[in-house]
K.L.:
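Would you mind keeping the following structure in view while I ask a few things?
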Amino acid sequence: MPVQNAEVAAMFDQAAELLEIKGDNPFRVRAYRRAARTIERLPRSVSSLVKAGEDLSELPGIGEDLAGKITAIVGSGKFDLLEQLKRQLPGELGEIATLPGLGPKRVKLLYDKLGVRSLDDLRRAVKSGRLRELRGFGVKTEQNISAALAKPQTAKRYKLPVAEAEAEALVAHLQGAKGVERVVVAGSYRRRRDTVGDLDILVTARAGADPGDRLAAYDNVASVLAHGPARTTVVLRSGIQVDLRAVPEASYGAALMYFTGSKAHNVALRGLANARGWKLNEYGLFDGRERIAGRTEEEVYKKLGLAVVPPELREDRGEVALAKAGRLPELVSLADIRGDLHVHTDWSDGTAPLAEMAAAAKARGYGYIAITDHSRRVTVAHGLDPGRLSRQIDQIDRLNAKLEDFTVLKGVEVDILADGSLDLPDSILSRLDLVVAAVHSKFDLSRMAQTERIIRALDNRNVSILAHPTGRLIEEREPYAVDLEKIFAAAQQRGCYLELNSDPDRLDLADINVQAAKAAGAKVAISTDAHSVAGFANIRFGIDQARRGWLEAADVINTRPLAKLKQLLKR
DNA sequence: GCCGTTTTCGGCCCGACTGTTTTCAGTCG
């Protein structure tokens, strides 16, 4: 099994942690962290890049040295530097440094002075009361560490609908405060990541208003972690952390940029400001003491010589250079979508009748939908056998005869069986306008077997779209092992398309996979997999991820009018 | 360790808050 990007990134992160504890050059530490982020979010696997002889030092934050190290890791599965560091320092020190309130300096001090090599050692040190003897440690710090040790450090992330519900209630609460002007949710929420770790909320307020007090007084606050004049941090009962930042109106744009991130994007922008002898912070862009921009994001980007970067692209993955050249992609948007190509009805496990789903889609301004109920193997979903599917085809024909300016396409979500064959015969599949094929079983096949299984399904000339290609359920089920690069290439060669499933529990393909599909020349269908009328609204989540994957309208097949779409579906 | 409208060497983002200290280091985002 080739080395996965996540493994290389983890090795670099661990090395960075240990280097930092050792007191190594902080910029070297940062270089390893930056490289880890680059690798982690890379649309292609480093293993395949190495195999293809690509120049890794072209990647942002990766130079000659790290390119060589990555190549060595891909070859041996081992990272020599990390092994070496672990011989010098206990590997678990890195873990200790992830406890809130404990960083590299303190971990080093604990190790040097008290011989703390593990979390258990740390527990014993706290119990014995030796902690507070150390310089810089006091009773309060001891309590905080003790509390951190008591609860498991799970970096939980929240799905977007959950985050949205929390955020909207909180925004309403903050807007009710006297003197508060703007309230906006920034952070990864604004960048529309598929999950959100915390809520970053920016407010502008008139002098004298204290939005931090207002936040601390919110009903759903479980604890206040920090509360100063400019920043307040709380944890809500749900466990989600909220960081509130208050700035004057004149700093709104700069603060919004700062708080939207990503951190790496900000660092890149601040570097650009530096290069011109300016300084960029959350209060504005400064030439000496003079603020030369800051009221709006547009103003700051423009002054830096950049086009405004859409929040979804702010990940330091090449967008800054393109913004400088004025060549940012024209990202696909909700208004581009003309139809939905994965829709269920009460013929299988949907809740609404066919005509109702069609009417709802038409009311959304769509020109078409494809009805794609489950096939027979999915018995729990009352999947269709050839006889029922045939009757549904007839019903759709009758419905289409009555509809104006709207077309219901005949389709099915056919199961891909364990051997890659399909759950319905070609005789019925060939009567459909499109076939969505999906894996709903045997998630535990080997990577090679799963890949071959899916490609065999794509070999069937009736198949149009591969639904939720990795099978992941966010925070619930990992993607199954599969070689997506091979799948994308196979789809592209066969005239098949990849689904970006908009269900916020799935968002499958994920953003970076979408980008990889595009790189492979494959096009995408952004579909909702709606099981009810309300389900159509999920399209916006799919659009978010498509934008994060750098897709333009031309990369998405359901931005086409019906006639063009039909041409694309021929193979 | 990376990188170049400031550079192939010498820089590398910037500020808030806490807890400790008695002026600031460490951590965090």
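Just so we're on the same page: letters track the sequence lines, and every chain starts at 1. In what follows, every heavy atom counts, from backbone to side chain, and hydrogens, waters and symmetry copies are set aside. Here the structure is a predicted model, which is why all the values come from computation and not from measurement.
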K.L.:
Identify, residue by residue, the members of residues 85-96 of chain A with a heavy atom below 4.0 Å from DNA chain B, and return them in order of residue number, or none.
P.N.:
none
K.L.:
Using the C1' atoms only, state how far B:dT23 lies from B:dT18, rounded to an integer number of Å.
P.N.:
15 Å
K.L.:
Can you give me the first and the last nucleotide of DNA chain B (5' to 3') that has an atom within less than 4.0 angstrom of a non-hydrogen atom in chain A?
P.N.:
B:dG1 to B:dG29
K.L.:
Check whether any side-chain N or O of A:D213 sits under 3.5 Å from a backbone N or O of A:D210 as a donor-acceptor pair, and report yes or no.
P.N.:
no
K.L.:
Only counting residues at least two apart or in another chain, list the ones meeting salt bridge (Lys or Arg N to Asp or Glu O under 4.0 Å) with A:D80.
P.N.:
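Checked A:D80 against salt bridge (Lys or Arg N to Asp or Glu O under 4.0 Å); zero matches.
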K.L.:
Work out how far the P atom of B:dT27 is from that of B:dT20, and round it to whole angstrom.
P.N.:
13 Å
K.L.:
For A:P104, answer base if it contacts any base atom (sugar-phosphate contacts may also be present), sugar-phosphate if it contacts only those atoms, and nothing otherwise; contact means non-hydrogen atoms under 4.0 Å.
P.N.:
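It contacts sugar-phosphate atoms only.
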K.L.:
Between A:K518 and A:G549, is there a donor-acceptor pair closer than 3.5 Å when you use the side chain of the first and the backbone of the second?
P.N.:
no
K.L.:
Donor-acceptor pair, A:D483 side chain versus A:K486 backbone, under 3.5 Å?
P.N.:
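Judged by distance alone, yes, a pair lies under 3.5 Å.
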K.L.:
Once you apply a heavy-atom cut-off of 4.0 Å, does A:V139 come out as touching a base, just sugar-phosphate, or nothing?
P.N.:
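Here A:V139 touches the backbone only, sparing every base.
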K.L.:
When rounded to the nearest Å, what value does the distance between C1' atoms of B:dC13 and B:dC3 take?
P.N.:
16 Å
K.L.:
Across the strands shown, which category fits A:K69 at heavy-atom distances under 4.0 angstrom: base, sugar-phosphate, nothing?
P.N.:
sugar-phosphate
K.L.:
Is there a donor-acceptor pair under 3.5 Å between the side chain of A:S188 and the backbone N or O of A:R191?
P.N.:
no
K.L.:
So A:R30, base contact, sugar-phosphate only, or nothing? Heavy-atom distance under 4.0 Å.
P.N.:
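Base contact - A:R30 has a heavy atom under 4.0 Å of at least one base atom.
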K.L.:
What does B:dG19 pair with, Watson-Crick or G-U, if both distances are under 3.5 Å?
P.N.:
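Check on B:dG19: paired to B:dC24, both distances under 3.5 Å.
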K.L.:
Using heavy atoms and a sub-4.0 Å distance, could you list which residues of residues 259-284 of chain A are near DNA chain B? By number, please.
P.N.:
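Within this stretch, A:K263, A:V267, A:R270, A:N274, A:A275, A:K279, A:L280, A:N281, A:E282, A:Y283 sit under 4.0 Å of the strand.
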K.L.:
Donor-acceptor check, side chain of A:Q241 to backbone of A:V234, threshold 3.5 angstrom: yes or no?
P.N.:
no
K.L.:
Can you give the donor-acceptor pairs under 3.5 Å from side chains of residues 250-259 of chain A to other protein atoms, not counting sequence neighbours?
P.N.:
{"from": "A:S251", "atom 1": "OG", "to": "A:Y283", "atom 2": "O", "distance (Å)": "2.8"}
{"from": "A:S251", "atom 1": "OG", "to": "A:R291", "atom 2": "NH1", "distance (Å)": "2.9"}

K.L.:
Could you work out the separation of B:dC2 and B:dT6 based on their C1' atoms and round it to a whole Å?
P.N.:
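These two C1' atoms come out 16 Å apart once rounded.
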K.L.:
If only atom types and distance count, is the side chain of A:T38 paired as donor or acceptor with the main-chain N or O of A:G61 below 3.5 Å?
P.N.:
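Checked: no pair found.
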K.L.:
Please answer whether the main-chain N or O of A:D243 pairs with a side-chain N or O of A:R231 as donor and acceptor at a distance below 3.5 Å.
P.N.:
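Here the side-chain-to-backbone pair does not exist.
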K.L.:
Quick one: on DNA chain B, does A:D198 or A:A226 contact a more 5' nucleotide (nearest heavy atom)?
P.N.:
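Of the two residues, A:A226 wins.
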K.L.:
Taking B:dC12 as the reference, what is the distance to B:dT5 when you measure between their P atoms (whole Å, please)?
P.N.:
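Each nucleotide's P atom is 16 Å from the other's.
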K.L.:
Using the side-chain hydrogen bond (donor to acceptor under 3.5 Å, both in side chains) definition, which of the options A:T195, A:D194, A:D505 pairs with A:K159?
P.N.:
A:D505
K.L.:
With P as the reference atom in both, quote the distance from B:dT21 to B:dG26 in angstrom, rounded to an integer.
P.N.:
13 Å
K.L.:
For atom P, what is the distance between B:dC28 and B:dT22, given to the nearest Å?
P.N.:
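Going atom to atom, P in each nucleotide, I get 23 Å.
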K.L.:
List the atom pairs, donor and acceptor, that lie under 3.5 Å between side-chain atoms in residues 3-19 of chain A and the rest of the protein, sequence neighbours left out.
P.N.:
{"from": "A:Q4", "atom 1": "NE2", "to": "A:P2", "atom 2": "O", "distance (Å)": "3.2"}
{"from": "A:N5", "atom 1": "OD1", "to": "A:V46", "atom 2": "N", "distance (Å)": "2.7"}
{"from": "A:N5", "atom 1": "ND2", "to": "A:I39", "atom 2": "O", "distance (Å)": "3.4"}
{"from": "A:N5", "atom 1": "ND2", "to": "A:R44", "atom 2": "O", "distance (Å)": "2.9"}
{"from": "A:E7", "atom 1": "OE2", "to": "A:Q4", "atom 2": "N", "distance (Å)": "2.9"}
{"from": "A:D13", "atom 1": "OD1", "to": "A:R37", "atom 2": "NH1", "distance (Å)": "3.2"}
{"from": "A:D13", "atom 1": "OD2", "to": "A:R37", "atom 2": "NH2", "distance (Å)": "2.7"}

K.L.:
Specify the residue among A:L225 and A:R135 whose closest nucleotide of DNA chain B lies further upstream toward the 5′ end.
P.N.:
A:L225
K.L.:
Apply side-chain hydrogen bond (donor to acceptor under 3.5 Å, both in side chains) to the pair A:S118 and A:E92, showing each step before the final yes or no.
P.N.:
CA-CA 6 Å; A:S118 67; A:E92 212 179 324; 4.6 Å; no
K.L.:
Say you pick atom P in B:dT8 and the same atom in B:dG15; how far apart are they, in whole Å?
P.N.:
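28 Å, rounded to whole Å.
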